[in-house]
There are 2 protein chains.
Amino acid sequence: MQLDGRLSRMLHLLIHMDRAEGPVTSAAAADMLHTNPVVVRRTMAGLRDAGLVRSDKGHAGGWTLIKSLEEVTMLDVYKAVGEPRIFAIGLADAAPHCLVEQAVNASMTNALRRAETMLIAEMGDVTLAEIAKDFESRFSSRPTNLKI
Amino acid sequence: MQLDGRLSRMLHLLIHMDRAEGPVTSAAAADMLHTNPVVVRRTMAGLRDAGLVRSDKGHAGGWTLIKSLEEVTMLDVYKAVGEPRIFAIGLADAAPHCLVEQAVNASMTNALRRAETMLIAEMGDVTLAEIAKDFESRFSSRPTNLKI
DNA sequence: ACATCACGTAACTTCAAGTATTACGTATGA
DNA sequence: TCATACGTAATACTTGAAGTTACGTGATGT
């Protein structure tokens, strides 16, 4: 399997959208994310359904953030992109006849479930505003030739 | 991506090997795991390198567990199969120029790292003996027509 | 000796899911 | 009315585990 970058990309894009003046088109977003406008629309569709963004057609159309960054957590975005599978490792057979394998499954499921619970909790604790604040900090301390 | 079942399979197989009289051939193991002998050899090679099992060629050859189930944790097996990637979700770009994306990466990496640390700790806490004990419990309470 | 057994490994194919691309339809607004 | 921008179906690409085929090597029993 390939890595699922949807959560990462949407977080990135939402913060850019918050800083943008007007709507951001799929084409502009695709440039930011180094991808394709269709991929943007496809992924953003989930965020629109979740009530995080709005989409408008025609001239001056595009995508608009309709929540403040304080109101949106990483977990909200994770859910909005469809709660993709978290783990790349898992059970060989989810419903085995073999009792040994059933015991293995119970043990692995227990470990994975705890890690997943931890991750969900972590994601629920991070707002986009906090990430944006970290960006501001990085921005003001960036190395640049523009400084006097 | 497809699910990585190597850890699950090796846990299953090691417990069967502990209960077996002599060595278990790759063909017999493949039958247990509903897979192919080559897949078994390929995966077991890591366990042999890690000192968990021994392989012998020729008649009466096959795979033998050379540790007791008490000595082996789920984490040992995870490491022995090559510490496969844990998460199916991740960063779109590991080294982005964009400072916003850098902040997103930092935030996501932090959450993922904590979950991974939790999972590693969980895996290190579970011995194969504990899983085997759970199997025994399932075995003795199984529904069967053989009971009087 | 030598046939058989079992592992060792290279090479190739299959499979799944995210990602990328093309194409076309629909709604908006200058 | 025509350019703009989203909506979405269809198709191809990518990546890594899993599955297969094929052949080589070493060990054992007759």
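Every chain is numbered from 1, with letters handed out A, B, ... down the list of sequences.
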Please tabulate, one pair per line, each protein N/O and nucleotide N/O from nucleotides 26-30 of chain C that are separated by under 3.5 Å, including the distance.
{"unit_1": "dA27(C)", "atom_1": "O4'", "unit_2": "Lys57(A)", "atom_2": "NZ", "d": "3.4"}

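- Looking at Leu13(B) and Leu33(B), their side chains come closer than 4.5 Å, going by heavy atoms from C-beta outward.
- Regarding contacts with the backbone of dA5(D), every side-chain N or O of Thr25(A) stays at 4.0 angstrom or more from both OP1 and OP2.
- One interatomic measurement links the two molecules: CD1 of Ile89(A) to P of dA16(C), which rounds to 21 Å at whole-angstrom precision.
- We find that CZ of Arg54(B) is positioned 13 Å from C1' of dA27(D), with the value rounded to whole Å.
- For Arg9(B) and dA17(D), the CZ to C1' distance is 9 Å, given to the nearest whole Å.
- Counting heavy atoms from C-beta outward, Leu69(B) and Thr127(B) have side chains that stay 4.5 Å or more apart.
- Residue pairs meeting the side chain to side chain donor-acceptor pair (under 3.5 Å) criterion with at least one partner in residues 60-69 of chain B, sequence neighbours excluded, are Ser26(B)-Trp63(B), Ser68(B)-Glu70(B), Ser68(B)-Glu71(B).
- Two residues are said to be in side-chain contact when any heavy atoms from C-beta on lie closer than 4.5 Å; Gln102(A) and Cys98(A) fail this criterion.
- A heavy atom lying under 4.0 Å from DNA chain D marks the following residues of residues 28-49 of chain A, by number: Val38(A), Arg41(A), Arg42(A), Arg48(A).
- Two residues are said to be in side-chain contact when any heavy atoms from C-beta on lie closer than 4.5 Å; Met108(B) and Asn105(B) fail this criterion.
- At a cut-off of 3.5 Å, with distance as the only test, a side-chain donor of Asp76(A) or Thr73(A) sits close to an acceptor on the other residue.
- The shortest side-chain heavy-atom distance between Arg85(B) and Asp4(B) does not fall under the 4.5 Å cut-off.
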- Query: What do the steps show when you test His16(A) against Phe135(A) for side chain to side chain contact (heavy atoms under 4.5 Å, CB included), and what is the final call?
  - Reply: CA-CA 11 Å; His16(A) 273 298; Phe135(A) 155 72; over 6 Å; no

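- Computed from coordinates, the Arg85(A) CZ to dA17(C) C1' distance equals 8 Å when rounded to whole Å.
- The distance between atom CG of Leu13(B) and atom P of dA18(D), rounded to the nearest whole Å, is 14 Å.
- Rounded to an integer number of Å, the gap from Leu3(B) CG to dG18(C) P is 12 Å.
- As rounded to whole Å, 14 Å separates atom P of dG18(C) from atom CD of Glu83(A).
- Using a 4.5 Å cut-off between side-chain heavy atoms of Ile, Leu, Val, Met, Phe, Trp and Tyr, with links allowed through other members, Met74(A) and Ile66(A) fall into different hydrophobic clusters.
- Whole-Å rounding puts the Asp4(A) CG to dT15(D) P distance at 16 Å.
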